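Reminder, nothing fancy here: chain letters follow the sequence lines and each chain counts from 1. This is a predicted model, so every value here is computed, not measured.
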Amino acid sequence: MKNQLVADTLYMIADLLDLKGDAFFKTRAYRIAAQTIEALDEDIERLVNQGTLESIPGIGEALAKKITELVKTGKLDYLERLKKEVPTGLIDLLGIPGLGPKKVAALYKKFGITSIQALREAASTGGLRTLEGFGEITERNILRGIQLLEKTSGRVLLNVAYEDGTRYLNYMKRCKKITKIEIAGSLRRMKETIGDLDILASSTDPEAVMDFFIQYPEVAEVLAKGSTKSSVLLNDNLQVDFRVVEEKSYGAALQYFTGSKDHNVTLRGLAARKGFKLNEYGLFDKTTEKYIVGKTEEEIYKKLGFAYIEPELRENRGELEAAKKKTLPNLVGYEQINGDFHVHSTWSDGSDAIETIASAAQHRGYEFIGITDHSQSLKIANGMTEERVQKKLDEINKVNKKFPDLRIFSGTECDIKTDGTLDYSDKILEQFDFVYIGIHTGFKMDKETMTKRIIRGMENGQANFMAHPTGRLIGKRDPYEVDIEQIIDIAKQTDTRLEINSFPDRLDLDDAHAKLAKEHGVRFVLGTDSHSINHLEFMRFGIATARRGWLTKKDILNTSSVKDIEKIVGG
DNA sequence: GCCGTTTTCGGCCCGACTGTTTTCAGTCG
Ligand SMILES: Nc1nc2c(ncn2[C@H]2C[C@H](O)[C@@H](COP(=O)(O)OP(=O)(O)OP(=O)(O)O)O2)c(=O)[nH]1
Ligand SMILES: [Mg+2]
Ligand SMILES: [Mg+2]
Ligand SMILES: [Zn+2]
């Protein structure tokens, strides 16, 4: 797929045009198109060949022409000419916090600075202050910005941000001046990675609350501090943005601060067309400026003609249209999960015994737990030989008797070998209550071979669930090459449920693929892939991913009763 | 550059904090 290449090229053009000082709305159009293409399920090459690029919102005649040239020739004349005008090194400088296109362009025009190294030298020798709009403090801030850029690690996994956020919130709740407080931003939307934490509070004494906010012991640096808004950097380099408003604005502020940005921009645009003004202080009459509502999110969406939209859906992926038509799905709830299908025990590479896992599962209020150890060829993970399988089944029977209120399902995470056959004979597979199949070795295959391999696995007849269907590890490993649309079709045909693996660095299927699969009639299971009982809590991130994929209770087997699950597996 | 049940031209979300400025531009949320 060339989608990412096309998107990256459009982002680059947008940056270069910004640096050139081109019209803001033009560069925004490039970014919107880039974003749309990045999120596209379809192969852009197909659209190019069909000549249907312009059917994509945000792509018109001019962009379609450029994209077509890029996809067909691998080059884009327009970009080559731009690069001659604007050095691409300037794009790196845009990554420095506090520096935008105007300042970077000024630095280039006046001093010929095109690299971070050159900028650092100029700033540290006091060489920038002669430039209009630049002073001593600007020089210091630039040096600090370069340091921040170099040490900051980018985005963090959802669970890391979740823990940081929970700790900060617990600290803030000790502030007596706060009447309401909660997490907003991408963490409230439960996105798979988080760029920074966003926290909202209401108070009649914002200054006192701001002081309390920056007193948090984990704060390494205060980046900005005002009466309604402050930002800090934590010791672990995560940034935290904090806003304080009055209670009558709390709902409007929560709506604003939860985002996403695209959702907000679209919603505000629609509000304006109806004669309103929407900002973080409330919904106002555009002409009289009169406050209409703002205390709760619900009343804002309602006044604008929308059903309430759950935070996980606010990505401008069609939720506003659905909310208008009142066709939003009733999302699966965080409390509706009765158990976990994917847990490793000491029989393979898990660190806890089956009985320990059972006890932890019961403690979580689960009605069932599925023990899924690795299959025989996965020796590196202590995969189980067929003889050991028998012993493990015996143990599960015994432990089941000790836990009358918990059903322990005997499962397996059976490897799909490179030729698409499964790692156990049918005779063995039949003895498990359920069978997960998955790819664990031989990731580097061409798309067609990998797709055939997985399809053969699903068509085996013994497979119930497909584990982590794309094999990605967020920030560490790209998904293997696979035709996900074909996998989805065959999953539907063979009644193989696709997993939403809930381990934070997997979240696989991801939200967008889950949505796509659901639209094709596929059903799902959630599994944490726990290798220790401490991982069982990752279930919430799998549920979040399911919600972000517009899934409902009935899409997910884990919400069923043990009796109903037994009709499908383990029967 | 895109887009259209008020428009094919003229809009395109709206506001806080900072530094350098004497009234605001730039950057960021
Ligand atoms: N209306 C409006 N709201 C914005 C804009 N930029 C950000 N916001 C709102 C929506 C965002 O979710 C929220 C927090 O901003 P962040 O930059 O932290 O983004 P977010 O948390 O969504 O993603 P992140 O994981 O932090 O990158 O502020 C904007 O340009 N306009
Ligand atoms: Mg954020
Ligand atoms: Mg933020
Ligand atoms: Zn596993």
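A:Asp511 and A:Thr545 share no side-chain donor-acceptor pair at under 3.5 Å. Using a 3.5 Å distance cut-off with no hydrogens or angles, the side chains of A:Ser203 and A:Asp205 do not pair a donor with an acceptor. There is a side-chain donor-acceptor pair under 3.5 Å between A:Asp8 and A:Gln4. Defined by atom type and a distance below 3.5 Å, a donor-acceptor pair is missing between the side-chain atoms of A:Asn141 and A:Thr138. Of the N and O atoms on the side chains of A:Tyr168 and A:Glu218, not one donor lies less than 3.5 Å from an acceptor on the other residue.
With sequence neighbours left out, A:Phe134 forms a ring pair (Phe, Tyr, Trp, His ring centres under 6.0 Å) with no residue at all. Listed by chain and number, the residues in a ring pair (Phe, Tyr, Trp, His ring centres under 6.0 Å) with A:Phe503 are A:His535, A:Phe538 (sequence neighbours excluded). Judged as a side chain to side chain contact (heavy atoms under 4.5 Å, CB included), and not counting sequence neighbours, the contacts of A:Ser230 are A:Met210, A:Phe213, A:Lys225. Annotation: ring pair (Phe, Tyr, Trp, His ring centres under 6.0 Å) contacts of A:His468 (sequence neighbours excluded): A:His440. Residues satisfying the ring pair (Phe, Tyr, Trp, His ring centres under 6.0 Å) criterion with A:Tyr308, sequence neighbours excluded, are absent altogether.
When both pairing distances are held under 3.5 Å, B:dC28 makes a Watson-Crick or G-U pair with B:dG15.
Within residues 161-172 of chain A, no residue has a heavy atom under 4.0 Å from DNA chain B. Of all the residues in residues 181-210 of chain A, A:Asp198 reach under 4.0 Å from DNA chain B with at least one non-hydrogen atom. Looking at residues 135-144 of chain A, you'll see A:Gly135, A:Glu136, A:Ile137, A:Thr138, A:Asn141 sit with a heavy atom under 4.0 Å from some atom of DNA chain B. Taking every heavy atom of residues 57-67 of chain A and every atom of DNA chain B, pairs under 4.0 Å involve A:Pro57, A:Gly58, A:Ile59, A:Gly60, A:Glu61, A:Ala62, A:Leu63, A:Lys66, by number. For the segment residues 220-247 of chain A, the set of residues with a heavy atom within less than 4.0 Å of an atom of DNA chain B comprises A:Ala224, A:Lys225, A:Gly226, A:Ser227, A:Thr228, A:Lys229, A:Gln239, A:Asp241, A:Arg243, in numerical order.
Aromatic ring centres of A:Tyr281 and A:Tyr256: separated by at least 6.0 Å.
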Is there a salt bridge (Lys or Arg N to Asp or Glu O under 4.0 Å) between A:Arg31 and A:Asp15? Walk through the geometry before answering. CA-CA 9 Å; A:Arg31 290 204 173 85; A:Asp15 282 343; 2.8 Å; yes

Could you walk me through whether A:Phe541 and A:Tyr162 pass ring-ring contact (aromatic ring centres under 6.0 Å, His included), step by step? CA-CA 10 Å; A:Phe541 306 119; A:Tyr162 189 88; 5.5 Å; yes

Test salt bridge (Lys or Arg N to Asp or Glu O under 4.0 Å) on A:Lys75 and A:Glu69; report intermediate values, then the result. CA-CA 7 Å; A:Lys75 277 178 36 189; A:Glu69 181 189 336; over 6 Å; no

One pair to check against salt bridge (Lys or Arg N to Asp or Glu O under 4.0 Å): A:Glu319 and A:Arg314. What are the steps and the verdict? CA-CA 7 Å; A:Glu319 72 279 8; A:Arg314 301 182 197 170; over 6 Å; no

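Taking the C1' atoms as reference points, B:dT7 lies 10 Å from B:dC3, given to the whole Å. Atom name P, nucleotides B:dC12 and B:dT5: the rounded distance is 15 Å, in whole Å. Remark: the separation of the C1' atoms in B:dG10 and B:dC17 is 31 Å, to the nearest Å. B:dG26 and B:dT20 are spaced 11 Å apart, taking the C1' atom of each and rounding to whole Å. Spacing of C1' atoms, B:dG15 relative to B:dT22, comes out at 23 Å, to the nearest Å. Using P as the reference atom, B:dG11 and B:dT18 are 34 Å apart when rounded to the nearest Å. With both ends at atom P, the span from B:dG4 to B:dC13 equals 15 Å, rounded to whole Å.
Chain A approaches DNA chain B over the interval B:dG1 to B:dG29, counting the first and last nucleotide 5' to 3' with an atom under 4.0 Å from its heavy atoms.
Applying side-chain hydrogen bond (donor to acceptor under 3.5 Å, both in side chains) to A:Glu315 and the options A:Lys261, A:Arg548, A:His263, A:Lys191 leaves one that passes, A:Arg548.
A:Glu132 comes within 4.0 angstrom of no nucleic acid atom, judged by non-hydrogen atoms across all strands. Heavy atoms of A:Phe24 sit nowhere under 4.0 angstrom from any nucleic acid atom. Residue contacts for A:Leu267: at a heavy-atom cut-off of 4.0 Å it reaches no nucleic acid atom on any strand shown.
Every pair passing side chain to side chain donor-acceptor pair (under 3.5 Å) that includes a residue from residues 78-107 of chain A is listed here, sequence neighbours excluded: A:Asp77-A:Arg81.
The cationic group of A:Lys286 does not satisfy the cation-pi geometry with A:Phe276, failing either the under 6.0 Å distance to the six-membered ring centre or the 45° limit from the ring axis.
Using a 4.5 Å heavy-atom threshold, the side chains of A:Leu10 and A:Lys66 count as separate.
Comparing A:Lys102 and A:Ala23, the nucleotide of DNA chain B nearest to each residue sits closer to the 5' end for A:Ala23. For A:Gly98 and A:Lys286, each mapped to the nucleotide of DNA chain B holding its nearest heavy atom, the one lying further toward the 5' end belongs to A:Lys286.
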